[in-house]
Number of protein chains: 2
Amino acid sequence: MSTAEKLDRVSRRQVDKFEERRRELAGAALQTLSELGYARTSLREIAQNSAFSHGVLHYYFRDKVELITYCVRQYKTACAQRYDTIVATAETPQTLADGFTDALIATLVDDATMHRLWYDLRSQALFEPSFREDVLEIDAMLERMIWRIVSRYAELVGREVAVPPAPLYAMVDGLFQQALLRQLAGQEQAGAELRANVLRLVGTLFPA
Amino acid sequence: MSTAEKLDRVSRRQVDKFEERRRELAGAALQTLSELGYARTSLREIAQNSAFSHGVLHYYFRDKVELITYCVRQYKTACAQRYDTIVATAETPQTLADGFTDALIATLVDDATMHRLWYDLRSQALFEPSFREDVLEIDAMLERMIWRIVSRYAELVGREVAVPPAPLYAMVDGLFQQALLRQLAGQEQAGAELRANVLRLVGTLFPA
DNA sequence: GGTGCATCTTGACGGTTGTCCAAGAAAAGC
DNA sequence: GCTTTTCTTGGACAACCGTCAAGATGCACC
């Protein structure tokens, strides 16, 4: 093994470890953000939710903006493959619709704090241009996810979807957002209403 | 005039002046919030956007939460009668639809900063229960506004609306929110797309 | 013209923030 | 085992925060 190869291997190992720690700290940051929201989250609070002291954050991230941006990207990849198995395994329109709405309500109930963080960060992007690119990217990804599900549904029922991906996602997202607000306000029926509303919306996508 | 009447008149004048100044300061606060967002707005910054010094805020408001809550309520009443004249004057479905979408796009372009504040505060309500009541109230008010327009439209075309008020508002709001994000990101066609998307949605509300 | 009250300014307070840095601990290389 | 590099700590820093209170200012009323 040459000296160059050795150095390369060493530096790669270091890069891996570096990246791993970044992921770890970003995880602690995401947890803190989802509990407190963007406005009340400080670097010291994030460090307290990790195994390290507050100084280490500036060893792995240039500043707070880079940390938050990294968090948003990490959140994105976590969301990405959520619904893919449902699309892959569904054989009938019924099982696809049921699987989709079940998963939707499960995230509404179980991941409510993470989703309110998402809406918080998307609002921040309305003010802070440095967040905008990542937020638009995540929105586009969620849009594709919805589109995969609906176009698979269209395939199963042998129809064509009459609404473009962007407004379709916007409407589903609007329904989800209202459901989340009601869910966090303690309204028990939020999940059931969300299911009914989404199913009705899907019903209007295929004109006769 | 009796002494009691005099005192009453004086105290009423004082109350009026007190309320007027509260409105004035809340206006400066709303301007600051719409520029900086909730997370970056401080009392000193608000005072700098007014004719007074920062100490006066605690003369008219108990603390920051009361000020922000007052702002949200003031914002609500400003939004309230926005679309009423359109509903009142429209004689045909066409003029109603045109008037509504025109007004919608006008607020998207002209009042973009105020609307991003609204989405910011609604996100805050997901974390801060003290904001929740007012936010839910404003949402309910906007929901009624949309419902007035759509049910008037239904009346003009002689049909029945097939979607309840809550999910209808949620979907329109979702479309508006995506349009706002694109508008603030500099995409020129955001307004035109919003119009098309809203008109398509309205078209699906009346099944054959 | 002085008195009392409402209003407003100013400066201070304790606390928190993001950022930086010197120093020590840990790990790696030889 | 020693040196060098990497990693981590904890404190210092200036700036900013919400809040408060003492005093200045203006203004109506007797």
Side-chain angles (χ1 to χ4, degrees), chain A residues 1-26 28-29 32-33 36-71 124 128 130-131, chain B residues 1-26 28-29 32-33 36-71 124 128 130-131:
Chain A
M1 184 164 24
S2 76
T3 315
E5 281 173 321
K6 266 203 231 173
L7 282 176
D8 190 48
R9 181 171 295 192
V10 165
S11 76
R12 199 188 332 266
R13 192 170 56 213
Q14 278 172 358
V15 167
D16 286 353
K17 194 175 176 185
F18 194 78
E19 262 308 313
E20 190 184 348
R21 185 115 308 163
R22 275 166 74 98
R23 274 195 292 272
E24 186 181 349
L25 291 171
T32 312
L33 283 163
L36 303 178
Y38 176 81
R40 278 167 286 276
T41 294
S42 70
L43 295 180
R44 284 171 174 81
E45 197 80 32
I46 293 172
Q48 274 199 327
N49 278 338
S50 79
F52 305 95
S53 73
H54 70 271
V56 84
L57 288 168
H58 279 86
Y59 184 80
Y60 290 99
F61 298 95
R62 182 159 27 86
D63 55 14
K64 196 185 180 182
V65 171
E66 195 193 271
L67 169 59
I68 304 269
T69 303
Y70 189 92
C71 283
Q124 293 309 311
E128 184 83 43
S130 52
F131 292 163
Chain B
M1 184 165 25
S2 75
T3 314
E5 280 174 321
K6 266 202 229 172
L7 281 175
D8 189 49
R9 181 171 295 193
V10 165
S11 77
R12 197 187 334 266
R13 193 170 55 214
Q14 278 172 0
V15 167
D16 287 353
K17 194 176 176 186
F18 193 78
E19 261 309 312
E20 190 185 348
R21 185 116 308 165
R22 275 167 75 97
R23 274 195 292 271
E24 186 181 349
L25 290 171
T32 312
L33 283 164
L36 302 179
Y38 176 81
R40 278 168 286 275
T41 294
S42 70
L43 295 181
R44 284 171 174 81
E45 196 81 31
I46 292 172
Q48 274 199 326
N49 278 338
S50 78
F52 306 95
S53 73
H54 70 271
V56 85
L57 288 168
H58 279 85
Y59 183 79
Y60 289 100
F61 298 95
R62 183 160 25 88
D63 55 13
K64 196 184 180 183
V65 172
E66 194 192 271
L67 169 60
I68 303 270
T69 303
Y70 188 92
C71 283
Q124 293 310 312
E128 184 83 43
S130 52
F131 292 163

Subject >> Derivation of the side chain to side chain contact (heavy atoms under 4.5 Å, CB included) call for A:Arg21 and A:Tyr59 >> reply: CA-CA 10 Å; A:Arg21 185 115 308 163; A:Tyr59 184 80; over 6 Å; no
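The interatomic distance linking A:Phe18 (CZ) with D:dC7 (P) rounds to 8 Å, in whole Å. Taking atom CD of B:Glu19 as the reference point, atom C1' of C:dA6 lies 16 Å away to the nearest angstrom. Going from atom CZ of A:Arg22 over to atom P of D:dC7 covers 13 Å, rounded to whole Å. A straight line from CG of B:Leu57 to P of D:dG18 spans 10 Å, rounded to a whole angstrom. Here the C1' atom of nucleotide D:dT6 and the CD atom of A:Glu20 are 15 Å apart, to the nearest Å. Summarising the geometry, the separation between CZ on A:Arg21 and C1' on C:dA26 is reported as 12 Å, rounded to the nearest angstrom. Between the CG atom of B:Leu36 and the P atom of D:dC17 there is a distance of 10 Å, given to the nearest Å.
One finds no salt bridge joining B:Lys17 and B:Glu20 here, because no Lys/Arg side-chain nitrogen approaches an Asp/Glu carboxylate oxygen to under 4.0 Å.
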**OP:** If a protein heavy atom is under 4.0 Å from the base, mark B; if only from the sugar-phosphate, S; if neither, -; do that for nucleotides 9-19 of chain C going 5' to 3'.
**Re:** BBBB----BBB
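Ring geometry, A:Tyr70 versus A:Phe61: the interplanar angle exceeds 60°, so the pair is classed perpendicular (tilted spans 30 to 60°).
Taking side-chain N and O atoms only, A:Tyr59 has no distance below 4.0 Å to OP1 or OP2 of D:dT8.
The closest donor-acceptor contact from the side chain of A:Asp63 to the backbone of A:Glu66 lies under 3.5 Å.
Put simply, CZ on A:Arg40 and OH on B:Tyr38 are 4.5 Å apart, with the number rounded to the nearest 0.5 Å.
The residue A:Tyr60 sits close only to the backbone: its heavy atoms come under 4.0 Å of sugar-phosphate atoms, none of a base.
Between B:Leu67 and B:Ile46 the shortest side-chain heavy-atom distance falls below 4.5 Å.
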